[in-house]
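Right, one structure below, let's go through it.
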Amino acid sequence: MAGGLPIAGLTALSNLKALLTGDRTKLMLWGASGGVGHIALQLAKKMGASVFAIASGADGVELVKQLGADEAVDGHGDDVVQRARTFAPDGFDAVLVLLSGDDVQSTLSLMRQGGIISFPNGVMPEPKAPDGVELKKANADPMLFDQLNRLISIDQFQVHIAQTFPLEAAAQAQSAMKQHYLGKIVLRVSRE
């Protein structure tokens, strides 16, 4: 768990701090079953948000349900827009975007006026905010380590490791990241 948490956890927390303005914030989370997303989901719940999680595949939906999502949908198969409207009929307060694409952009119109969209470096193309919605970019802030440690110690916390590769198999790990997986792919440094 320790190797899969620091950067993903700080990236998730940095973005959530840019988004969450109080208890019961209605948060849409794109990429909820991925490496940063499954951590962001758990942190958002600990911070009082109501989370609409968009995951990858039936196994991703199952994972995010287990991690506490208030509603979980498959971004590849479910009617995301209709389910999102049902979840937040007055619009979403916040969206955390951890991947890109036309499907993501089509849901951003479901934001309420004054809402906030946040995303980390690496999301390309960057999302476009509708009028009246703020767009923020937040990357891993090492000054948040203490807060991250406090949040993960509150209750159960899971870092889902999809696969572990030895450091010398880094190229294989990179290839594995192009396939469907849930959670984190990590490298193991051997001690000799």
Side-chain angles (χ1 to χ4, degrees), residues 5 8-56 60-61 63-75 78-100 103-121 123 126-141 143-158:
L5 180 61
L10 289 174
T11 299
L13 185 55
S14 297
N15 278 276
L16 290 170
K17 285 184 70 69
L19 290 172
L20 302 183
T21 57
D23 283 353
R24 305 314 303 162
T25 296
K26 289 211 180 238
L27 171 69
M28 180 187 300
L29 174 56
W30 272 98
S33 57
V36 174
H38 83 287
I39 292 170
L41 165 62
Q42 294 171 84
L43 293 174
K45 292 303 298 174
K46 290 175 185 259
M47 295 168 78
S50 179
V51 181
F52 181 81
I54 304 158
S56 178
V61 168
L63 174 65
V64 299
K65 283 181 181 176
Q66 291 172 7
L67 295 176
D70 295 283
E71 178 76 27
V73 298
D74 179 357
D78 292 337
D79 182 2
V80 176
V81 172
Q82 184 56 45
R83 301 233 349 237
R85 277 192 183 114
T86 301
F87 182 82
D90 297 326
F92 284 87
D93 303 302
V95 176
L96 176 51
V97 177
L98 298 171
L99 50 92
S100 61
D103 291 336
V104 173
Q105 195 61 47
S106 71
T107 62
L108 299 183
S109 65
L110 302 175
M111 298 287 299
R112 67 166 180 75
Q113 289 290 300
I116 305 169
I117 300 166
S118 187
F119 65 100
N121 271 340
V123 174
E126 294 182 357
K128 293 177 180 68
D131 289 342
V133 174
E134 187 176 354
L135 185 65
K136 294 184 176 184
K137 184 187 285 190
N139 296 304
D141 180 354
M143 300 303 290
L144 297 176
F145 261 121
D146 287 342
Q147 185 177 2
L148 178 63
N149 285 330
R150 279 192 304 276
L151 284 167
I152 65 173
S153 67
I154 289 173
D155 198 358
Q156 293 182 4
F157 194 87
Q158 178 184 354

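Note: hydrogens, waters and symmetry copies are ignored here, and every other heavy atom, side chains too, is used.
Taking the side chain as every heavy atom from C-beta outward, V95 and L108 approach each other to under 4.5 Å. Counting heavy atoms from C-beta on, the side chains of Q147 and K17 come closer than 4.5 Å. Taking 4.5 Å as the limit, some side-chain heavy atom of L63 sits within range of a side-chain heavy atom of L67. Side chains of K137 and S118 form no contact here, defined as non-hydrogen atoms less than 4.5 Å apart. With contacts defined as side-chain heavy-atom distances shorter than 4.5 Å, the pair S50/T25 does not qualify. Counting only heavy atoms from C-beta outward, the side chains of F157 and L43 approach each other to under 4.5 Å. Between L29 and F52, every side-chain heavy-atom pair lies at or beyond the 4.5 Å cut-off. The closest side-chain heavy-atom distance from T11 to D141 is not below 4.5 Å.
Under a 3.5 Å cut-off, the side chain of S33 and the backbone N or O of S56 do form a donor-acceptor pair. Under the 3.5 Å distance criterion, the side-chain polar atoms of Q42 are left unmatched by any main-chain donor or acceptor of G68. For the pair N15 (side chain) and F119 (backbone), a donor-acceptor distance under 3.5 Å is present. Under a 3.5 Å cut-off, the side chain of S106 and the backbone N or O of D103 do form a donor-acceptor pair. A distance-only check finds a donor-acceptor pair linking the side chain of R83 to the backbone of A72 [under 3.5 Å].
W30 and S100 share no donor-acceptor pair across their side chains, judged by distance under 3.5 Å alone.
The shortest non-hydrogen separation linking L41 to A69 is CD1-CA, 3.8 Å. The minimum heavy-atom distance linking V61 with A55 is given by the pair N-CB, 3.7 Å. Considering every non-hydrogen atom in both V64 and A32, the closest pair reads CG1-O, 3.4 Å. Pairing each heavy atom of A44 with each of L20, the nearest pair is CA-CD1, 4.2 Å. Taking all atoms of both residues into account, the shortest heavy-atom contact from A40 to L16 is O-CD1, 3.5 Å. The two residues L135 and A129 come nearest to each other via the heavy atoms CB-CB, 4.0 Å.
If you run side-chain contact (heavy atoms from CB on, under 4.5 Å) between I152 and each of L13, L5, I39, only L5 comes through.
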Checking side-chain contact (heavy atoms from CB on, under 4.5 Å) for the pair V133/I117: CA distance, chi angles, key distance, verdict? CA-CA 7 Å; V133 174; I117 300 166; 3.8 Å; yes
Test side-chain contact (heavy atoms from CB on, under 4.5 Å) on L144 and S14 and set out the steps. CA-CA 8 Å; L144 297 176; S14 297; 3.4 Å; yes
So M28 and L96, side-chain contact (heavy atoms from CB on, under 4.5 Å) or not? Walk me through it. CA-CA 6 Å; M28 180 187 300; L96 176 51; over 6 Å; no
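Interatomic distance, CD of E134 versus CE of M111, reported as 10.0 Å (0.5 Å rounding). If you take CG on N139 and CG on N121, they are separated by 4.0 Å, rounding to the nearest 0.5 Å.
Look at R112 and D90 and you find no salt bridge, because none of the NZ, NE, NH1 or NH2 atoms lies under 4.0 Å from a carboxylate O.
Identified under the salt bridge (Lys or Arg N to Asp or Glu O under 4.0 Å) test for residues 25-54, with sequence neighbours left out: K45-D70.
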